[in-house]
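Note sheet for the following structure.
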Amino acid sequence: KYAMTLFLNHKFAESLEIANKGLQKEPRNPAFNRLAMYNNTDLKQYDEAIKSAERFFNKSDKPDFTYLDYRYYGMALHQTKQIPLAIEQYKKAIDADSSHVELWKDISDMYTDINDFDNAIASYNKYVSALPEDKKTSDMYYDLGKMYYSVGSSKAKDTISTGKTENIALLKKNALLKADSVFAKVITMEPTNYRGYRMRGLANLALDPDATQGLANPYYEKTLSIVEAKKDVRYNPIIIESASYLGYYYYQKKDYTETKVYF
């Protein structure tokens, strides 16, 4: 009880000391092994945390595992760059308590770390879909859209998971179309913010890289109107990006009057 009280008061070093004293007397005690894992993790002693976790999960008498046990073990594995094993533990945590939907976002981030964008997107979709409507934010959809955009706009084939038989170009096009639809939702949720329009511009530019169809035009025009009205030099890079695209589009159409307006 004393070791747990210290842990709950964030006195991790003191709690670990007491837990280790307990383990000297009862090395197979699940409560002491659990606290050793928790405290070592919170003290950022991740190698020791993993050793404690192995004792807790494999050498403790009748441990009753909770979602937090798997999460702490996953945190230690993540910090030691053992990403696939960390993901496995986080999934076990969700199986133990499915109410902790925020873990799907952590799993998505870890998949992104190892360039597995298919599973990163699938996990992030699980995170968003599991939330009640009033908890879903434009930031969440913005991040999801950027994932789709990253897959669709990347020049590297290895951004698409192996084992697929579909054409890579088609997969990337579908990812860009999905990004466009997700950014459209961002615009619906925050119609006066430029970022959703700008990202739709980027997604449509990736779909129409030569700007011959002008797919990105309405989104860059709206982006430009929003950021110019701010009269703030911090938005100059966005103005340059938008005006450069529009100037190039009209130059290709030989509409030199409009070209000069934007350039």
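The figures here come from the full heavy-atom set of this structure, side chains too, leaving out hydrogens, waters and symmetry mates.
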Next item on the list: Output yes when R34 and D64 qualify as a salt bridge under the 4.0 Å nitrogen-oxygen rule, no when they do not.
Entry: no
Notebook entry, point to check: In a check of salt bridge (charged side-chain N to carboxylate O under 4.0 Å, His left out) between D139 and each of K185, K105, R195, which one passes?
Noted result: R195
Notebook entry, point to check: Quick one: does N217's side chain have a donor or acceptor within less than 3.5 Å of a partner on L246's backbone?
Noted result: no
Note to self: For Y250, run the ring pair (Phe, Tyr, Trp, His ring centres under 6.0 Å) check against F263, Y245, Y220, Y262 and tell me which one passes.
What the structure shows: Y262
Next item on the list: With salt bridge (charged side-chain N to carboxylate O under 4.0 Å, His left out) as the test, would you mind laying out the steps for E258 and K253 before giving the verdict?
Entry: CA-CA 10 Å; E258 284 297 299; K253 296 298 181 184; over 6 Å; no
Margin query: Any side-chain to backbone donor/acceptor pair from T41 onto Y73? Under 3.5 Å, distance only.
Written below: no
Next item on the list: State whether the number of non-hydrogen atoms from other residues, nucleotides or ligands found under 6.0 Å of K136 atom NZ is greater than 12.
Entry: yes
Check: Partners of N40 by side-chain hydrogen bond (donor to acceptor under 3.5 Å, both in side chains), sequence neighbours excluded?
Finding: Q45, S52
Check: Is the side chain of Y235 donor-acceptor paired with the backbone N or O of L224 at a distance under 3.5 Å, no angle test?
Finding: no
Check: D208 side chain to G214 main-chain N or O, any donor-acceptor pair under 3.5 Å?
Finding: yes
Margin query: Test your reading of the model: is there a side-chain donor-acceptor pair from T80 to the backbone of L77, 3.5 Å cut-off?
Written below: yes
Next item on the list: Check for a donor-acceptor pair, side chain of K51 on one end and backbone N or O of M37 on the other, with a separation under 3.5 Å.
Entry: no
Note to self: Going by ring-ring contact (aromatic ring centres under 6.0 Å, His included), name the residues that satisfy it together with F12, two or more places apart in sequence or in a different chain.
What the structure shows: F7, H10
Margin query: Are there over 12 heavy-atom neighbours, none belonging to Y256, within less than 6.0 Å of that residue's OH?
Written below: yes
Notebook entry, point to check: So which pairs with a foot in residues 217-228 pass salt bridge (Lys or Arg N to Asp or Glu O under 4.0 Å), sequence neighbours left out?
Noted result: none
Check: For residues Y38 and D69, is any side-chain donor paired with an opposing acceptor at under 3.5 Å?
Finding: yes
Note to self: Has D180 got a side-chain atom pairing as donor or acceptor with L176's backbone, closer than 3.5 angstrom?
What the structure shows: no
Margin query: Measuring centre to centre across the rings, with the benzene-like ring taken for any Trp, is F117 within less than 6.0 Å of Y124?
Written below: no
Check: In terms of side-chain heavy atoms, does D255 have a donor or acceptor partner in Y249 at a distance below 3.5 Å?
Finding: no
Check: Do other residues, nucleotides or ligands put more than 12 heavy atoms under 6.0 Å from Y251 OH?
Finding: no
